[in-house]
Amino acid sequence: MELDLVEITGLFEEIRRFYSYVSDESRYMRFLAAVRDPASVYKHLWSCGGRSFLVLEGRRPVAIVDVTPCGEEAEAGIVVADALQGRGYGTRIAEIFASLLPRLGFWRVKAEIYRENIKALALAKRMGAEIDCSTIVCVVRLQLATRSRAQGPLLAVI
Ligand SMILES: CC(C)(COP(=O)(O)OP(=O)(O)OC[C@H]1O[C@@H](n2cnc3c(N)ncnc32)[C@H](O)[C@@H]1OP(=O)(O)O)[C@@H](O)C(=O)NCCC(=O)NCCS
């Protein structure tokens, strides 16, 4: 089935609803372990120009992807609902965003990933990202399409 994107920037209840499908382990990997209510972090993220997208397969929520601008680079974070992890959704979603982000004006994407996060690092490697690890966190960066290749309409849903 196709994956659809719906922007949920500013919709705190959508964030809370989705994170009810997300385990403590996945919240930790998404750097959200320190807060009881993830929506409190989104308040800050959105006030800095960040945008959040709910990924749906039919009516089923699959993932949230957050994109925060940092110059021409976007900082991205993703969490896939625990019951659906390890089935290729993260990889499909990363591919969708790699082609979407240049149309939103971003030419590079960056993500921070805990060194122990095997799935996220495998995903970054598959996408061809540069990976730079310190003791605890790896910073991954991926060069996206060049400006000339990034022409074209935005997805209708954005
Ligand atoms: C990281 C995450 C987004 C990956 O999405 P996913 O749908 O689970 O991943 P996929 O099924 O597409 O698999 C991605 C890679 O992980 C590997 N993988 C999947 N499950 C695995 C497991 N249990 N153990 C080891 N590797 C695994 C896959 O083989 C694939 O690697 P490959 O391309 O070399 O084959 C998802 O697991 C997640 O939301 N985790 C919690 C939040 C998080 O870590 N976010 C990233 C930091 S912002």
Side-chain angles (χ1 to χ4, degrees), residues 1-9 11-12 14-102 104 106-144:
M1 194 183 282
E2 296 260 316
L3 297 178
D4 295 313
L5 305 183
V6 177
E7 183 160 8
I8 55 166
T9 307
L11 301 179
F12 291 102
E14 292 292 337
I15 296 294
R16 291 195 181 101
R17 187 173 308 130
F18 184 81
Y19 277 93
S20 69
Y21 307 121
V22 173
S23 67
D24 288 348
E25 167 77 6
S26 290
R27 286 182 190 215
Y28 166 77
M29 293 297 188
R30 182 61 192 91
F31 297 87
L32 289 172
V35 291
R36 193 166 294 157
D37 177 9
S40 60
V41 172
Y42 279 81
K43 190 174 178 186
H44 173 70
L45 188 145
W46 294 334
S47 74
C48 296
R51 298 173 69 179
S52 298
F53 301 91
L54 182 64
V55 183
L56 295 161
E57 187 175 47
R59 298 182 60 174
R60 177 165 72 168
V62 173
I64 285 181
V65 179
D66 306 305
V67 179
T68 309
C70 190
E72 284 202 347
E73 193 171 77
E75 177 148 4
I78 177 171
V79 60
V80 173
D82 279 71
L84 301 176
Q85 288 181 16
R87 297 203 215 164
Y89 285 102
T91 304
R92 278 167 63 193
I93 294 164
E95 287 166 357
I96 291 169
F97 273 83
S99 67
L100 175 61
L101 286 174
L104 297 176
F106 301 111
W107 313 101
R108 272 169 83 80
V109 62
K110 170 194 167 192
E112 297 200 350
I113 297 174
Y114 282 119
R115 200 175 179 135
E116 69 208 81
N117 192 344
I118 294 164
K119 285 186 265 186
L121 286 174
L123 177 49
K125 264 188 209 139
R126 176 175 288 272
M127 295 297 294
E130 295 164 25
I131 302 176
D132 182 15
C133 294
S134 65
T135 319
I136 297 173
V137 172
C138 298
V139 176
V140 309
R141 281 197 163 83
L142 180 65
Q143 181 69 45
L144 301 169

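For ligands, and for the atoms within them, numbers begin at 1 and follow the listed sequence.
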Inset, instruction - Could you please provide the protein residues found below 4.0 Å of ligand 1 on a heavy-atom basis, arranged by chain and number? - result: S26, M29, R30, G77, I78, V79, V80, Q85, G86, R87, G88, Y89, G90, T91, N117, I118, K119, A120, A122, R126

Would you tabulate the side-chain donor-acceptor contacts of residues 123-140 under 3.5 Å, counting partners in other chains and residues two or more places apart, or write 'none'?
{"residue": "S134", "atom": "OG", "partner": "V137", "partner atom": "O", "Å": "3.1"}

Legend entry - For R115, side chain to side chain donor-acceptor pair (under 3.5 Å) partners two or more places apart: none

Legend entry - Residues forming a side chain to side chain donor-acceptor pair (under 3.5 Å) with T9, sequence neighbours excluded: E7

Legend entry - Salt-bridge contact R17-E14 (side-chain N to carboxylate O under 4.0 Å): yes

Legend entry - D66 and Y42, any side-chain heavy atoms less than 4.5 Å apart: yes

Inset, instruction - Work out which heavy atom in G49 is nearest to a heavy atom in P69; give both atom names and the distance. - result: O-CD, 3.2 Å

